[in-house]
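Step one of this worksheet: look at the structure below.
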Amino acid sequence: MRALDAVTTVGCVRVVTWNVNSVKQRVPRLLPWLDQRKPDVVCLQETKLADDAFTALLGDALGERGYEFALFGETQWNGVALLSRVGLDDIAVGVAGAPGFPHIEARAVAATCGGVRVHSLYVPNGREPESDHYKYKLEWLASLRDVLEAGPADALVCGDINIAPTDADVFDPEAYIGQTHVTEPERAALEAIKALGFHDVVRDRWPNERVFSYWDYRAGMFHRDLGMRIDLILASDSVAPRVRAAWIDRHARKGTGPSDHAPVIVDLDEAPDGDIGPVVPPPSSPGGKKKVKLPQAK
DNA sequence: ATGACATAACATTTATGA
């Protein structure tokens with residue numbers, strides 16, 4: 001018997017985002033996690049690996065698991081990837097119109113997966129408020145907003161957004177005064193994206209919970225649950241009603257050799273809300289095919 | 001104590017992270 005959490009419900013699409021902090025270092029955690037959680041679409045950040053090296057490292061393992069992938073990597077820093085086994089069309093790397101620092105950095109890859117425009121994003125850190133890097137972060141976010149506004153209505157904005165949306169998303173707001181990730185302009189940049197009709201689906205599902213996605217490696221921060229929620233999945237107005245589950249997989253931060261970020265997981269109904277009733281897995285579905293034959297409403 | 005821990009490469013030191 002399989003554990004419930006190891007099964008992607010037939011009729012659902014599972015989308016995840018995870019800042020892995022070096023995909024090379026994380027292989028012993030990433031592959032077992034894919035086998036356990038069985039996501040259909042995977043957004044990775046901080047892969048820290050050039051595209052050819054990524055393919056050499058993981059191409060076979062991902063292919064065996066049914067994933068196609070799109071990459072935008074660098075030798076040393078940054079790096080994003082998008083894996084999908086529900087289609088991967090119209091791949092776009094980078095954010096149109098966004099600045100570099102000074103060169104264009106590998107921080108964005110998007111594709112259409114199962115009819116939804118999925119963005120895997122690694123937003124610039126910002127370093128210090130008012131620094132050049134901070135200004136870069138805000139300009140980059142403004143360009144992202146414009147791309148999302150011009151893009152398809154069915155969209156998911158996934159990634160390490162490097163903004164704690166509210167004070168409830170940091171372990172101690174006092175400790176973060178004057179720091180990046182919590183400043184008003186950063187939060188306003190995120191709000192400008194949400195104003196396009198994007199919903200922070202984990203917070204919507206857990207409005208009063210202490211829920212973090214990042215804990216510093218140092219000083220036992222994870223053990224003491226002193227973290228931040230900076231990894232987000234934002235669902236467009238049209239996709240948000242399809243969300244059946246939204247949570248952060250804190251377990252993946254435990255144990256040996258974890259990333260300092262935990263994955264965020266969202267399960268979507270296969271079809272838009274209203275098209276179908278409760279999804280019931282057919283008895284003995286092979287699981288490979290995602291299309292579910294549903295009774296037609298009379 | 002602008003560190004602690006982890007990661008990378010122009011690597012025995014420095015840059016980056018949030």
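Hydrogens, waters and symmetry mates play no part in the numbers below; they use all other heavy atoms, side chains included. Since we're looking at a predicted model, the values are computed, not measured.
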Show me the donor-acceptor pairs, under 3.5 Å and distance only, between side chains in residues 139-148 of chain A and residues at least two apart or in other chains.
{"from": "A:S143", "atom 1": "OG", "to": "A:G97", "atom 2": "O", "distance (Å)": "3.3"}
{"from": "A:S143", "atom 1": "OG", "to": "A:E139", "atom 2": "O", "distance (Å)": "3.3"}
{"from": "A:R145", "atom 1": "NH2", "to": "A:E149", "atom 2": "OE1", "distance (Å)": "2.6"}

task = With P as the reference atom in both, quote the distance from B:dA8 to B:dA18 in angstrom, rounded to an integer.
result = 15 Å
inquiry  = Taking the basic N atoms (NZ, or NE/NH1/NH2) and the acidic carboxylate oxygens, is any pair closer than 4.0 Å for A:R203 and A:D169?
reply    = yes
message = Under the salt bridge (charged side-chain N to carboxylate O under 4.0 Å, His left out) definition, can you give me all pairs with a residue in residues 103-115 of chain A, not counting sequence neighbours?
response = A:E105-A:R107
query = With sequence neighbours left out, what residues match A:D200 under salt bridge (Lys or Arg N to Asp or Glu O under 4.0 Å)?
reply = A:R229
ask   = Expressed as a whole number of Å, how far does the C1' atom of B:dT2 sit from that of B:dT12?
value = 23 Å
task = Could you give the distance separating B:dA11 and B:dA6 at their P atoms, to the nearest angstrom?
result = 23 Å
query = Which parts of nucleotides 7-18 of chain B does protein reach within less than 4.0 Å, heavy atoms only, written one letter per nucleotide 5' to 3' as B for base, S for sugar-phosphate only and - for none?
reply = SBS-----BSSB
key: Whichever hydrophobic residues join A:I230 through chains of side-chain contacts under 4.5 Å   = A:V170, A:F171, A:Y176, A:V182, A:F212, A:Y214, A:W215, A:M221, A:F222, A:L226, A:M228
ask   = Tell me, which pairs form a salt bridge (charged side-chain N to carboxylate O under 4.0 Å, His left out) where one or both residues lie in residues 23-34 of chain A, sequence neighbours left out?
value = none
inquiry  = Please report the distance separating the C1' of B:dG3 from the corresponding atom of B:dG17, rounded so that it comes out in whole Å.
reply    = 14 Å
message = Can you check the distance between B:dC5 and B:dC10, where both ends of the measurement are the P atom (answer in whole Å)?
response = 26 Å
